[in-house]
Amino acid sequence: MKYAIGMRNIKTALAVFICLFISQALHLQYPFYAVIATIIAMENSVTNSYTVGKNRVMGTIVGAICGLAFALIDPYSAFFSAIGIVVVIYICNLLQWNKSISIASIVFLAIMLNLQPGESPWFYGMNRVIDTLIGIGVAVAVNYLVFPPKHERQMEHRRKILRRHLTQLAHELLGQGGGVHISSLKADMSELEKVYDTYTSEFHLNKKKRTMMEHLEEEIDIYHNTYSHMRQLRLLTDEPSLETANKLDVQFTSSRPLTSHGEDLLMIYRYHVRCILQELQRLGLMLPRKIAPPINLHPEGKQQYNNNKPSVCHNKM
């Protein structure tokens, strides 16, 4: 599936075809600009297509107005082209249209440098705006009507991967008492959050879907909590020192100094074990059958671990 032709690929080609068909039907002089607009606006969600398209329209309008004004003074002038770019960027920043700066500058230069002898800057600028509107309209319509993005399916896919990976690493980490790399979980969480953010930005979410997203947001918080406790166990078992113990991020009250192999360090280890088990239980994941003591403890410490109960975990949520 790595080299398969994706649906976004096909929809972009369809949007280009429709733009060229409309351009020919309307006898547009420069269909290239409409096609460029539709390619740029074809995003991974309808909302993103709309947002990118809106930024492009705003930039096109600013660039067309400035291009018209400076082209009436002296088109093809290097000096006025440079001054005009300063004005275009200033206006976009003044209106807080920062994402429109690039397209505004491009449209401005297109009007200044591409005018044919005797061609009206006003006519040319209006055509650029019309071309952009056509391209963006086609992109949004195709993205919305033709196989709209299946964010629910993508979220469920990423969620299953994360839950399976989390269960595996938690079982290995607790079963061995440390010594398991868990950094790959961060990538899984980032992928799930990316799909989640894209879906929550959609403007057509109904009440039922919003409730589902709220539950998923709570679940993502639990993933982060679990990862945080697993990371503390890694620090505790990989670097058993006073410095490591003191930088552990836990709510732990003790009047005695922490020692690398003492009771306090062991209690912190058991605290994080308890928290991980609770979070796995909240997620409905299978709990490990074997909980090993820290791999760096002396035999007497391991005996003490087996004889004492883990401390209670107080979630920060």
Side-chain angles (χ1 to χ4, degrees), residues 6-23 26 28 30-70 84-112 114 121-151 154 193-206 209-210 213:
M7 188 52 62
R8 185 176 173 184
N9 187 334
I10 296 175
K11 290 197 292 186
T12 301
L14 177 61
V16 168
F17 173 80
I18 294 175
C19 276
L20 291 176
F21 180 81
I22 294 175
S23 299
L26 298 178
L28 298 181
Y30 299 101
F32 170 79
Y33 292 100
V35 171
I36 288 297
T38 204
I39 292 175
I40 293 176
M42 184 59 68
E43 288 287 326
N44 60 344
S45 73
V46 178
T47 302
N48 286 345
S49 289
Y50 172 79
T51 302
V52 170
K54 181 183 68 174
N55 292 332
R56 188 172 179 86
V57 169
M58 294 187 301
T60 300
I61 292 174
V62 172
I65 293 174
C66 294
L68 170 63
F70 280 86
I85 287 294
V86 173
V87 173
V88 167
I89 296 176
Y90 177 79
I91 292 175
C92 288
N93 285 329
L94 189 65
L95 298 174
Q96 296 184 348
W97 294 354
N98 306 82
K99 294 184 179 180
S100 301
I101 290 176
S102 297
I103 186 60
S105 301
I106 292 172
V107 171
F108 168 78
L109 293 175
I111 295 175
M112 287 291 290
N114 287 346
W122 169 259
F123 179 77
Y124 187 89
M126 284 300 299
N127 280 339
R128 296 296 70 75
V129 175
I130 293 173
D131 294 339
T132 300
L133 289 174
I134 291 174
I136 292 169
V138 169
V140 173
V142 169
N143 212 4
Y144 183 77
L145 298 174
V146 181
F147 298 106
K150 300 294 184 181
H151 299 294
Q154 296 176 24
E193 289 177 319
K194 189 184 302 180
V195 179
Y196 169 82
D197 291 338
T198 299
Y199 189 52
T200 52
S201 68
E202 294 284 56
F203 46 65
H204 60 274
L205 290 178
N206 55 37
K209 291 182 178 180
R210 291 185 186 279
M213 299 309 293

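Along the sequence shown, residues carry numbers from 1.
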Under 3.5 Å, side-chain donor or acceptor atoms of residues 100-109 against the rest of the protein: list the pairs with distances, not counting sequence neighbours.
residue: S100; atom: OG; partner: N55; partner atom: O; Å: 2.6
residue: S105; atom: OG; partner: I101; partner atom: O; Å: 2.9

State the [atom1]-[atom2] distance between [X] and [Y], to the nearest 0.5 angstrom.
{"X": "F17", "Y": "I22", "atom1": "CZ", "atom2": "CD1", "answer": "10.5 Å"}
{"X": "I134", "Y": "L20", "atom1": "CD1", "atom2": "CG", "answer": "11.0 Å"}
{"X": "L14", "Y": "F147", "atom1": "CG", "atom2": "CZ", "answer": "10.0 Å"}
{"X": "I111", "Y": "F123", "atom1": "CD1", "atom2": "CZ", "answer": "12.5 Å"}
{"X": "N143", "Y": "M7", "atom1": "CG", "atom2": "CE", "answer": "11.0 Å"}
{"X": "L28", "Y": "C19", "atom1": "CG", "atom2": "SG", "answer": "9.5 Å"}

Contact summary for [X] and [Y], nearest pair of heavy atoms:
{"X": "F70", "Y": "V87", "answer": "CZ-CG2, 4.0 Å"}
{"X": "C66", "Y": "I91", "answer": "SG-CD1, 3.7 Å"}
{"X": "A110", "Y": "Y33", "answer": "CB-OH, 3.9 Å"}
{"X": "A41", "Y": "V52", "answer": "CA-CG1, 4.0 Å"}
{"X": "A64", "Y": "G125", "answer": "CB-O, 4.0 Å"}
{"X": "I40", "Y": "E43", "answer": "O-OE2, 3.6 Å"}

Short question: side chain of [X], backbone of [Y] - any donor-acceptor pair under 3.5 Å?
{"X": "D131", "Y": "P31", "value": "no"}
{"X": "K11", "Y": "M42", "value": "no"}
{"X": "N48", "Y": "T198", "value": "no"}

Worked check of side chain to side chain contact (heavy atoms under 4.5 Å, CB included) between R56 and I36: CA-CA 11 Å; R56 188 172 179 86; I36 288 297; 3.5 Å; yes
Ring centers of Y124, Y30 separated by less than 6.0 Å: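 So the answer is yes for these two rings.
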Working for side chain to side chain contact (heavy atoms under 4.5 Å, CB included), residues T38 and I136: CA-CA 5 Å; T38 204; I136 292 169; over 6 Å; no
